[in-house]
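Below you'll find the structure, written out as structure tokens, and then a few comments.
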Amino acid sequence: MPRFAANLSMMFTEAPFLDRFALAARAGFKAVEFLFPYEHPAAEIAKRLADNGLRQVLFNLPPGDWARGERGLAALPDRRGEFREALARALDYAAALSCPRLHVMAGLRPEGVPHDTLLATFAANLDRAAEECAKAGVKPVIEPINHRDIPGYFLNTTDQAAAIIRALGPERIGMQFDLYHCQVTEGDLVRRVERHLPLIAHMQVADTPGRNEPGTGEVNWPFVFRRIDELGYRGWIGCEYRPAGETTAGLGWFAPYRNET
Ligand SMILES: O=C(O)[C@@H](O)C(=O)CO
Ligand SMILES: [Mg+2]
């Protein structure tokens with residue numbers, strides 16, 4: 001059965017961030033993920049995880065100035081020093097939280113910079129990240145993101161991500177396969193999971209088109225989850241969705257999987 005992790009950046013937002021860990025545990029989750037922990041001391045988050053019997057399964061490197069619209073640094077040639085600092089900071093938190101995956105965000109395509117320059121920068125930064133992460137027992141992951149949610153994001157399709165991962169080594173870099181982004185950009189969900197399965201190191205889910213919980217949109221999630229299980233995927237699936245209403249009221253879809261997490 002698939003194992004689901006609560007995404008504390010998008011779920012349980014009825015409560016302040018540090019209170020969401022207990023709410024996720026009470027709802028039956030055994031693992032959590034979120035975007036960025038950096039507003040809180042790592043020790044404080046580690047305590048919440050321990051107090052609630054939760055595992056941390058993923059979070060993101062610092063993305064640049066998120067409030068100003070930045071969405072990652074790794075493909076940006078003039079931000080390589082900042083990327084190195086972001087990687088070091090993320091690894092400090094990953095050690096404190098015993099987190100096995102770090103999402104390396106590529107960033108938005110800057111005007112007038114050739115694709116090959118961005119790709120070479122992304123590959124060089126990912127290569128460095130893979131080296132540093134391997135020493136810490138962490139696997140860096142990259143995520144294709146749809147251009148409706150993040151216009152101009154450098155990494156857009158699963159095939160693009162697969163080519164980069166294969167060039168750098170799937171044992172070093174993994175794919176963060178967000179089923180929501182894949183459905184928006186490419187469709188053909190199950191066939192794309194089948195095609196990229198050896199490269200997939202983390203999954204995320206939200207229904208389309210609203211990015212709400214599974215069962216609120218156009219995808220037959222029981223079929224997709226059953227196929228993912230049949231394919232032998234044993235990683236985590238982050239619930240990266242905006243609850244349509246109060247979080248626990250929308251957890252009916254989770255009931256068949258609750259004990260598996
Ligand atoms: O899908 C997403 O938006 C997230 O997984 C992310 O890391 C970038 O916002
Ligand atoms: Mg995602």
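Remember, it's 1-based here, ligands and their atoms both numbered in the order they're listed.
Evaluated by nearest non-hydrogen atom to atom 5 (O) of ligand 1, the leading choice among E240, H181, H103 is E240. For atom 2 (C) of ligand 1, the candidate residues are R71, M10, R211; the nearest heavy-atom contact is made by R211.
In the model, H202 has no side-chain atom that pairs as donor or acceptor with a side-chain atom of D178 under 3.5 Å.
Of all atoms in ligand 1, listed by their number and element, those nearer than 4.0 Å to a heavy atom of D178 are 1 (O). Atom numbering of ligand 1 starts at 1 in the shown order; those under 4.0 Å from a heavy atom of Q204 are 5 (O). Ligand-side atoms of ligand 1 in range of I145: 8 (C), range being under 4.0 angstrom from any heavy atom. Distances below 4.0 Å separate heavy atoms of Q176 from the following atoms of ligand 1: 5 (O). Of all atoms in ligand 1, listed by their number and element, those nearer than 4.0 Å to a heavy atom of N60 are 6 (C), 7 (O).
E143 has its closest N, O or S atom to the Mg ion (ligand 2) at the position named OE2. With respect to the Mg ion (ligand 2), E240 has OE1 as its nearest N, O or S atom.
Sparse packing is recorded around CZ of R191, with 12 or fewer heavy atoms of other residues, nucleotides or ligands lying under 6.0 Å away. Enclosure of atom CZ in R128 is not indicated, since only 12 or fewer non-hydrogen atoms of other residues, nucleotides or ligands lie within 6.0 angstrom. A 6.0 Å sphere centred on CD of E246 holds more than 12 heavy atoms belonging to other residues, nucleotides or ligands.
Of all protein heavy atoms, the one closest to atom 6 (C) of ligand 1 is E143 OE1, 3.3 Å. The closest protein non-hydrogen atom to atom 8 (C) of ligand 1 is M105 CE, 3.5 Å.
Put simply, the side chain of F34 reaches to within 4.5 Å of the side chain of I45, judged on heavy atoms. In this structure the side chain of P110 reaches within 4.5 angstrom of the side chain of L118, judged on heavy atoms.
In terms of polar-atom proximity, defined here as any N/O pair under 3.5 Å, W66 makes no such contact with ligand 1.
Taking the six-membered ring where the residue is Trp, F17 and H40 present parallel rings, their angle staying beneath 30° rather than reaching 60°.
Aromatic rings of Y241 and Y180 (six-membered ring for Trp) have centroids beyond the 6.0 Å cut-off, not under it. Aromatic rings from W253 and F4 are positioned such that their centres are separated by under 6.0 Å.
The proximity of D149 to ligand 1, defined as any non-hydrogen pair under 4.0 Å, does not occur for either the backbone or the side chain.
For the pair OD2 of D178 and OE1 of Q204, the angle at the Mg ion (ligand 2) is about 100°; rounding is to 10 degrees.
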